[in-house]
Amino acid sequence: MPTDRTPLISGNWKMNLNHYEATAMLDRLRYLLEKDDYEAVDVSVHPPFTDIRTVQTFLQSEKVPISWGAQDCHWEASGAYTGEVAPSMLAKLGVAYVIVGHSERRQLFGETDAIVGRKAKAVLAHEMTPILCCGETLEERQGEATHGKVTGQVHAGIDALEAEQVAGLVIAYEPIWAIGTGHTASAGDAQQVCGWIRAKVAEMKGADAAAAVRIQYGGSVKAATIVELMAQPDVDGALVGGASLDPDEFAQIVQFWRTAG
């Protein structure tokens with residue numbers, strides 16, 4: 001992994017942890033991580049919407065250099081969208097990163113590439129950073145459709161953006177067949193697809209944007225697999241699901257750099 005792209009390790013809590021549990025989680029994580037870790041790695045946590053204010057208050061009051069993010073948002077700044085949360089609301093809470101297009105949003109809630117693209121643009125408009133997710137199903141992988149599926153999702157997500165905006169993005173490759181299954185793509189598999197993503201960015205937005213954009217891997221990431229994944233030249237971090245709910249495990253993932261060759 002090139003030294004000019006700071007790794008980003010993001011914990012996606014999904015629909016887990018109430019605000020009391022979130023505080024306990026962060027208090028333990030604060031104890032485990034040290035100043036050197038924050039200098040080597042950017043860290044973000046993505047709690048449920050109901051926890052964001054609590055997470056913000058804790059991290060700010062305790063001066064913990066962890067960014068807080070959201071798991072999703074709507075693309076409009078306001079309106080009659082019952083149950084939705086606007087990017088403007090997240091921005092007011094100091095949210096740094098917003099996950100858009102997670103496979104669970106696509107599969108369970110019918111989000112299309114077009115919707116994901118609108119969300120990414122809205123997040124940027126409110127001066128936050130999208131974590132743009134892409135990935136293929138097991139059926140698509142077995143049918144050798146990974147390249148077309150992933151690069152198509154990336155195309156839709158960045159098409160309407162300027163090169164400078166894309167340079168500041170985070171793109172997360174999360175093979176759907178490896179999410180919550182205990183299966184992890186090999187480091188070589190992750191590198192191949194992340195390399196395709198960077199090549200697609202270069203094709204669409206230029207070499208500078210491709211060199212700057214950070215690409216995460218997500219899919220049953222654990223402390224036992226993170227060092228090998230992060231050794232790949234086009235893998236710049238991880239979008240961590242289940243393991244991010246365990247502060248000890250998540251801390252070990254953040255601290256991959258301590259044992260990396």
**Student:** I'd like to know if the side chain of Arg28 and the backbone of Asp248 have a donor-acceptor N/O pair within less than 3.5 Å.
**Tutor:**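 Not a single qualifying donor-acceptor pair exists.
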**Student:** Heavy atoms only: give me the nearest Val213-Ala210 pair and the separation to one decimal.
**Tutor:**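 Val213 and Ala210 have their closest heavy atoms at CG1-O, 3.5 Å.
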**Student:** Pick out which of His102, Lys119, Arg106, Arg118 makes a side-chain hydrogen bond (donor to acceptor under 3.5 Å, both in side chains) with Glu111.
**Tutor:**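 For Glu111, the side-chain hydrogen bond (donor to acceptor under 3.5 Å, both in side chains) check succeeds only for Lys119.
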**Student:** Considering residues, nucleotides and ligands other than Glu39, do more than 12 of their heavy atoms fall under 6.0 Å from its CD?
**Tutor:**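 Counting neighbours around CD of Glu39, more than 12 heavy atoms of other residues, nucleotides or ligands fall under 6.0 Å, so yes.
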**Student:** How long is the gap from CG on Leu32 to CD on Gln252, to the nearest 0.5 Å?
**Tutor:**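 Answer for the CG-CD pair, Leu32 versus Gln252, is 9.0 Å.
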**Student:** Are Ile253 and Leu229 linked, directly or through intermediate hydrophobic residues, by side-chain heavy-atom contacts shorter than 4.5 Å (ILVMFWY only)?
**Tutor:**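 Result: yes, single cluster for both.
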**Student:** Could you walk me through whether Val254 and Leu33 pass the side chain to side chain contact (heavy atoms under 4.5 Å, CB included) test, one step at a time?
**Tutor:** CA-CA 8 Å; Val254 171; Leu33 296 179; 3.9 Å; yes
**Student:** Please step through side chain to side chain contact (heavy atoms under 4.5 Å, CB included) for the pair Arg105 and Asp72, ending with a clear verdict.
**Tutor:** CA-CA 8 Å; Arg105 299 298 312 177; Asp72 186 36; 3.4 Å; yes
**Student:** Using the rule given for side chain to side chain contact (heavy atoms under 4.5 Å, CB included), can you reason through Gln216 versus Val235, listing the C-alpha separation, both sets of side-chain angles and the distance that settles it, and then say yes or no?
**Tutor:** CA-CA 6 Å; Gln216 295 178 315; Val235 177; over 6 Å; no
**Student:** Begin from the C-alpha positions of Asp113 and Lys149 and carry the test salt bridge (charged side-chain N to carboxylate O under 4.0 Å, His left out) through to its verdict.
**Tutor:** CA-CA 11 Å; Asp113 287 347; Lys149 175 65 174 292; over 6 Å; no
**Student:** Is Glu228 reaching over with its side chain to a backbone N or O of Thr225, donor-acceptor style, under 3.5 angstrom?
**Tutor:**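 Checking the backbone N and O of Thr225 against the side chain of Glu228, no donor-acceptor pair under 3.5 Å is found.
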**Student:** Within the distance-only criterion (no hydrogens, no angle test), does the side chain of Asn12 pair as donor or acceptor with the backbone N or O of Val240 below 3.5 angstrom?
**Tutor:**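 Not a single qualifying donor-acceptor pair exists.
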**Student:** Kindly indicate whether the side chain of Leu26, heavy atoms from C-beta on, has any atom under 4.5 Å from the side chain of Val55.
**Tutor:**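 Leu26 reaches Val55 side chain to side chain.
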**Student:** Which heavy atom of Pro48 sits nearest a heavy atom of Gln71, and at what distance?
**Tutor:**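 Result for this residue pair: N-NE2, 3.4 Å.
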**Student:** Walk me through it: do Thr6 and Val41 pass the test side chain to side chain contact (heavy atoms under 4.5 Å, CB included)?
**Tutor:** CA-CA 6 Å; Thr6 302; Val41 181; 5.8 Å; no
**Student:** Just verifying a value: how many Å separate Gln191 CD and Ser186 OG, rounded to the nearest 0.5 Å?
**Tutor:**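 Reported value, rounded in 0.5 Å steps: 10.5 Å.
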**Student:** Do Ile9 and Leu29 share a hydrophobic cluster, counting only Ile, Leu, Val, Met, Phe, Trp and Tyr and linking them when any side-chain heavy atoms are less than 4.5 Å apart?
**Tutor:**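 They do share one cluster, since a chain of ILVMFWY contacts under 4.5 Å joins Ile9 to Leu29.
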**Student:** Which pairs pass salt bridge (Lys or Arg N to Asp or Glu O under 4.0 Å) with one or both residues in residues 204-214, sequence neighbours excluded?
**Tutor:**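 Passing the test, one end in residues 204-214: Asp42-Arg214.
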**Student:** Would Leu169 and Ile99 show up in the same hydrophobic cluster when neighbours are defined by side-chain heavy atoms closer than 4.5 Å?
**Tutor:**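 No, Leu169 and Ile99 fall in different hydrophobic clusters.
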**Student:** At their closest point, which heavy atom of Ala178 faces which heavy atom of Ser220, and how far apart are they?
**Tutor:**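 For Ala178 versus Ser220, the nearest heavy atoms are O-OG, 2.7 Å.
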**Student:** Considering only residues two or more places apart or on different chains, which pairs with a residue in residues 43-59 satisfy salt bridge (Lys or Arg N to Asp or Glu O under 4.0 Å)?
**Tutor:**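 Pairs touching residues 43-59 that pass the test: none.
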**Student:** Over all heavy atoms of both residues, which pair between Ala86 and Ala77 is shortest? Give the atoms and the distance, please.
**Tutor:**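 That would be CB-O, 3.2 Å.
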**Student:** Please tabulate, one pair per line, all N/O donor-acceptor pairs under 3.5 Å involving side-chain atoms of residues 123-137, not counting sequence neighbours.
**Tutor:**
unit_1, atom_1, unit_2, atom_2, d
His126, ND1, Ala122, O, 3.0
Glu136, OE1, Tyr173, OH, 3.0
Glu136, OE2, Thr146, OG1, 3.2
Glu136, OE2, Tyr173, OH, 3.0
Glu136, OE2, Trp177, NE1, 3.2
Thr137, OG1, Glu140, N, 3.1
Thr137, OG1, Glu140, OE1, 3.3

**Student:** What about Tyr97 and Val95, same hydrophobic cluster or not, with Ile/Leu/Val/Met/Phe/Trp/Tyr joined at side-chain heavy-atom distances under 4.5 Å?
**Tutor:**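 Unlinked, Tyr97 and Val95 end up in two clusters.
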**Student:** Taking the side chain as every heavy atom from C-beta outward, state whether Gln232 and Cys194 have any atom pair closer than 4.5 Å.
**Tutor:**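 Gln232 vs Cys194: side chains apart.
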**Student:** Rounded to the nearest 0.5 Å, how far apart are CH2 of Trp68 and OG1 of Thr54?
**Tutor:**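 Reported to 0.5 Å precision, the distance equals 12.5 Å.
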**Student:** For Asp37 and Trp257: C-alpha separation, side-chain torsions, deciding distance, then whether side-chain hydrogen bond (donor to acceptor under 3.5 Å, both in side chains) applies.
**Tutor:** CA-CA 8 Å; Asp37 296 318; Trp257 67 276; 3.0 Å; yes
**Student:** At their closest point, which heavy atom of Asp234 faces which heavy atom of Gly195, and how far apart are they?
**Tutor:**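 The pair with the smallest heavy-atom distance is OD2-CA, 3.6 Å.
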**Student:** Specify the closest pair of heavy atoms between Ala96 and Ser67, including all atoms of both residues, with the distance to one decimal.
**Tutor:**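 Here Ala96 and Ser67 meet closest at CB-CB, 4.0 Å.
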**Student:** Check this for me, if you would: do Lys121 and Asp159 make a salt bridge, where the nitrogen-to-carboxylate-oxygen distance has to be below 4.0 angstrom?
**Tutor:**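 Result for this pair is no, no salt bridge flagged.
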**Student:** Pairs in or reaching into residues 9-18: which pass salt bridge (Lys or Arg N to Asp or Glu O under 4.0 Å), with residues at least two apart or in two chains?
**Tutor:**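 Pairs touching residues 9-18 that pass the test: Lys14-Glu104.
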**Student:** Return yes if some donor-acceptor pair links the side-chain N/O of Trp196 with the main-chain N/O of Val150 below 3.5 Å, else return no.
**Tutor:**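 No: the side chain of Trp196 does not pair with the backbone of Val150.
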**Student:** Any pair with a residue in residues 103-123 that passes ring-ring contact (aromatic ring centres under 6.0 Å, His included), sequence neighbours left out, goes on the list, sorted by first then second residue, please.
**Tutor:**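 Those involving residues 103-123 do not exist here.
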**Student:** Roughly how far, to the nearest 0.5 Å, is OG1 of Thr23 from CD of Glu21?
**Tutor:**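 It is 10.0 Å, given to the nearest 0.5 Å.
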**Student:** Are the side chains of Leu245 and Phe250 in touch, meaning some heavy atoms are under 4.5 Å apart?
**Tutor:**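 Leu245 does not reach Phe250 side chain to side chain.
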**Student:** With sequence neighbours excluded, give me every ring-ring contact (aromatic ring centres under 6.0 Å, His included) pair touching residues 11-60.
**Tutor:**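 Listed once each, the pairs would be none.
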**Student:** Hey, quick one: are Val98 and Leu8 part of the same hydrophobic cluster, counting side-chain heavy atoms closer than 4.5 Å, chains of contacts allowed?
**Tutor:**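 No, because Val98 and Leu8 fall into different hydrophobic clusters, even though each may have its own neighbours under 4.5 Å.
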**Student:** State plainly whether the residues Arg30 and Glu62 are in salt-bridge range, i.e. N to O under 4.0 Å.
**Tutor:**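 Yes, this pair counts.
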**Student:** Within a radius of less than 6.0 Å around CD of Gln60, do more than 12 heavy atoms belonging to other residues, nucleotides or ligands occur?
**Tutor:**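 Enclosed: over 12 neighbouring heavy atoms sit under 6.0 Å from CD of Gln60.
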**Student:** Is Trp75 reaching over with its side chain to a backbone N or O of Ala120, donor-acceptor style, under 3.5 angstrom?
**Tutor:**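 Here the side-chain-to-backbone pair does not exist.
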**Student:** In Å, rounded to the nearest 0.5 Å, how long is the span from CG of Leu239 to CD1 of Ile171?
**Tutor:**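 Answer for the CG-CD1 pair, Leu239 versus Ile171, is 13.0 Å.
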**Student:** Is Glu203 salt-bridged to Arg198, cutoff N-O under 4.0 Å?
**Tutor:**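 Not counted as a salt bridge, because no side-chain N and carboxylate O are separated by less than 4.0 Å.
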**Student:** Counting C-beta onward and ignoring hydrogens, is there a side-chain heavy-atom pair between Val221 and Met230 closer than 4.5 Å?
**Tutor:**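 No. Closest side-chain heavy atoms not under 4.5 Å.
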**Student:** Does a side-chain heavy-atom distance below 4.5 Å link Ile52 with Leu90?
**Tutor:**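 Contact flag for Ile52/Leu90 side chains = yes.
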**Student:** In Å, rounded to the nearest 0.5 Å, how long is the span from CD1 of Ile158 to CD of Gln153?
**Tutor:**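 Output value for this atom pair is 12.5 Å.
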